[in-house]
Undergrad: 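Just dropping this structure here.
These figures come from a predicted structure and were not determined experimentally.
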2 protein chains.
Amino acid sequence: MSLKYALLGFLTTEPASGYQIAQEFGDSMGWFWYASHSQIHPELQRLAARGLVTSEVSDTDGRGTRVYSITPAGEAELKEWLAAETEYPPVRDPERIRLIFADMLEPADIRAHLEQHRKHHEALLDGYLAQLREVLRGTFPRLRKRLAARPRQSHQLVAGLKVLALQGNVDRARSEIAWAEDALLWLNSIEAAERADGC
Amino acid sequence: MSLKYALLGFLTTEPASGYQIAQEFGDSMGWFWYASHSQIHPELQRLAARGLVTSEVSDTDGRGTRVYSITPAGEAELKEWLAAETEYPPVRDPERIRLIFADMLEPADIRAHLEQHRKHHEALLDGYLAQLREVLRGTFPRLRKRLAARPRQSHQLVAGLKVLALQGNVDRARSEIAWAEDALLWLNSIEAAERADGC
DNA sequence: GAACCCATGTAAGTTGTTACATGATTGA
DNA sequence: TCAATCATGTAACAACTTACATGGGTTC
C-alpha cells in the first residue's frame, strides 16, 4: 500500500490535481513509483474521505480541475510511514525466471533476450542520468519547488536525498547492463563451442 | 502472468506436487519468483483444466499427494513464452520512494533505513552466494535433476544459464550494498555539518 | 472538423495476500 | 499427546491493469 504514501509525499511539495500527479507518476516520479490515472483518482478520493487530503475545484483554469492538498493529519500519517521499517516485496523477476528455463531455446533466442535486457536498462539509465543532471544543475522543477518551501539549512539534505535515490537507480541500471554484456560474451563462447562440436 | 510459466518451467525438470513447488517457490526458486501455496494450488488446477499439465494422485507415500506433470501442450506454450519479448513491469520501489520524502525525518531515522537496506541486501546476497556455490560444485539438487534429463552437450548451457541468473542477482545485491554504504558516509557528513552549524 | 491534449471517472478482470479450514503423518 | 511437518484447499480482500466513457479546450 505504498501508492497512498507516494501520493501524500507528492502533495508535500505542492498541491496538485489527479491529472498532474498521473503525468508525473508516468514520467519523472514513475522512475520510482509508477501508477496509472485510473488508480490515482480513486485513491485520492479515498484519501479525501479519510481527511488526509482536501480537494477544491479550481476556477482559475476554467476547466474545473480538482486540486488536492495534504492536511496535517495526512502529514502525520505520512511521517509515521516514512519512519516505519520498509517491507520489501518478494522477488519476482520476469527476466531471470525466463533465463533459468531458457535452455529450451536456441542460443540465438537467448541472445535476443540478453540484448533486450541491456537495451531496457540503457533506456532506464538515460532517464535517470537526464534527471540527475537536472537535479545537480538545480533546474529540476519539482526539486526547486520543494526547496522553496523549506528552510535553507535543510536544502543539502533535501537535494542530497534526491541525488542519492537517482544515483542508486543509476548504479542498478549500470550493474544490469554490465551483467548483460558479460552474459553476451559468455554466450559467444558457448556458440563457438557448439559450432566446433560440429552440427 | 509469469506464475503460470514459472510453474510450467519448474515441471520441465521433474513432476512435482503443489506442496513441493510451494516449498521451492518460497525457498531456492523464490530467489527469482516467489509464490505462496494459496496461489500455486489454484493455478495448477487451471493449468490442468487447460491440458497444459496432468495430475495423478500418488499412492507411494500413502498420503494421497497429487503430482503434476507437464504435457507436450504445456511445453509448447512454455517455449512460446520463453521466446517472446519480456514485458518489464513498471518500477515500484518502496525504499527509494521513501528516501525521496525522507527529508521530513531526522537523519537518525534515515540512517536506520539505509542500514536496513544494506542488511536486507546482505541477506539476499548470502542466499545467492550459497546457491551459487552449490551450483558451481555440482551439488545443487534441482540442477542435477535437470542435467540428468538432458543430453551431455547441453550441460554447459543449462548450468551456465543458472550461474548467469544467480550472478546477476549477486551483482545487483552488491550494487545495492555498496550504494547503501556510500549513502551512510554521505549522511555522516550531513550530520557533521548540522552539528557544526550549532543546534 | 479532426486530432490531440486536458481532465475525471467507472467497470471488469487479473494477480497476489492473508486468513481460515481440514486432515494425515511423524517424532519427541 | 503435543507439536511440527506434510498436504490441499477456499474466501475475502487489496492492488493493479485494461478498457470503456465522457466532455471541454486547442491547434491544424
Undergrad: Would Y88(B) and H117(A) count as having a side-chain donor-acceptor pair, cut-off 3.5 Å?
TA: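 There is such a pair (donor and acceptor under 3.5 Å, judged by atom type) between the side chains of Y88(B) and H117(A).
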
Undergrad: Under 30°, 30 to 60°, or over 60°: which ring-plane class applies to W81(B) and Y5(B), parallel, tilted or perpendicular?
TA: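 Correct class here is parallel.
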
Undergrad: Show me the dot-bracket string of DNA chain D, counting Watson-Crick or G-U pairs under 3.5 Å, with | for pairs to another strand and [ ] for crossing ones.
TA: ||||||||||||||||||||||||||||

Undergrad: Check each residue of residues 40-52 of chain B for a non-hydrogen atom within less than 4.0 Å of any atom in DNA chain D, then write out the ones that pass by number, or none.
TA: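 Those residues are H41(B), Q45(B).
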
Undergrad: Does a donor on one side chain sit under 3.5 Å from an acceptor on the other, for R98(A) and T86(B)?
TA: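 Note: R98(A) and T86(B) side chains meet the donor-acceptor criterion.
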
Undergrad: Cation-pi check for F140(A) against R146(A): NZ or CZ below 6.0 Å from the six-membered ring centre and within 45 degrees of the axis, yes or no?
TA: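 Geometry flag: not set, cation outside 6.0 Å or 45°.
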
Undergrad: Under 3.5 Å, is there a donor-acceptor pair linking the side chains of S17(B) and R66(B)?
TA: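 Note: S17(B) and R66(B) side chains miss the donor-acceptor criterion.
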
Undergrad: Do the side-chain N or O atoms of T65(B) get closer than 4.0 angstrom to the phosphate oxygens (OP1, OP2) of dA7(D)?
TA: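 Result: yes.
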
Undergrad: Distance under 6.0 Å and angle within 45° of the ring axis: does R96(A) meet both against W179(A)?
TA: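 Because its charged atom sits under 6.0 Å from the ring centre and within 45° of the axis, R96(A) does stack over W179(A).
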
Undergrad: Between Y128(A) and R172(A), is there a cation-pi geometry (under 6.0 Å to ring centre, at most 45° from the normal)?
TA: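 No, R172(A) and Y128(A) do not form such a contact.
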
Undergrad: Distance check: side-chain N/O of Y19(A) vs OP1/OP2 of dT8(C), anything under 4.0 Å?
TA: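 Checking dT8(C) against Y19(A), no side-chain N or O comes under 4.0 Å of OP1 or OP2.
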
Undergrad: Provide, to the nearest angstrom, the distance between the NE2 atom belonging to H37(B) and the C1' atom belonging to dT5(D).
TA: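 H37(B) atom NE2 is separated from dT5(D) atom C1' by 13 Å.
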
Undergrad: So, K4(A) and E77(A), do they make that salt bridge, N to O below 4.0 Å?
TA: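 Counted as a salt bridge, because a side-chain N and a carboxylate O are separated by less than 4.0 Å.
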
Undergrad: Are E176(B) and R118(B) ion-paired here, with the side-chain N under 4.0 Å from a carboxylate O?
TA: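 No, E176(B) and R118(B) are not salt-bridged.
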
Undergrad: A quick test of your reading: do over 12 heavy atoms of other residues, nucleotides or ligands sit less than 6.0 Å from CD of E106(B)?
TA: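 At most 12 heavy atoms, drawn from other residues, nucleotides or ligands, come within 6.0 Å of this atom.
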
Undergrad: Nucleotides 16-18 of chain D: which of its N/O atoms have a protein N/O under 3.5 Å away?
TA:
{"from": "dC16(D)", "atom 1": "OP2", "to": "Q39(A)", "atom 2": "NE2", "distance (Å)": "2.9"}
{"from": "dC16(D)", "atom 1": "O5'", "to": "Q39(A)", "atom 2": "NE2", "distance (Å)": "3.4"}
{"from": "dC16(D)", "atom 1": "O3'", "to": "R92(B)", "atom 2": "NH2", "distance (Å)": "3.2"}
{"from": "dT17(D)", "atom 1": "OP1", "to": "R92(B)", "atom 2": "NH2", "distance (Å)": "3.1"}
{"from": "dT17(D)", "atom 1": "OP2", "to": "R92(B)", "atom 2": "NH2", "distance (Å)": "3.0"}
{"from": "dT18(D)", "atom 1": "O4", "to": "S38(A)", "atom 2": "OG", "distance (Å)": "2.7"}

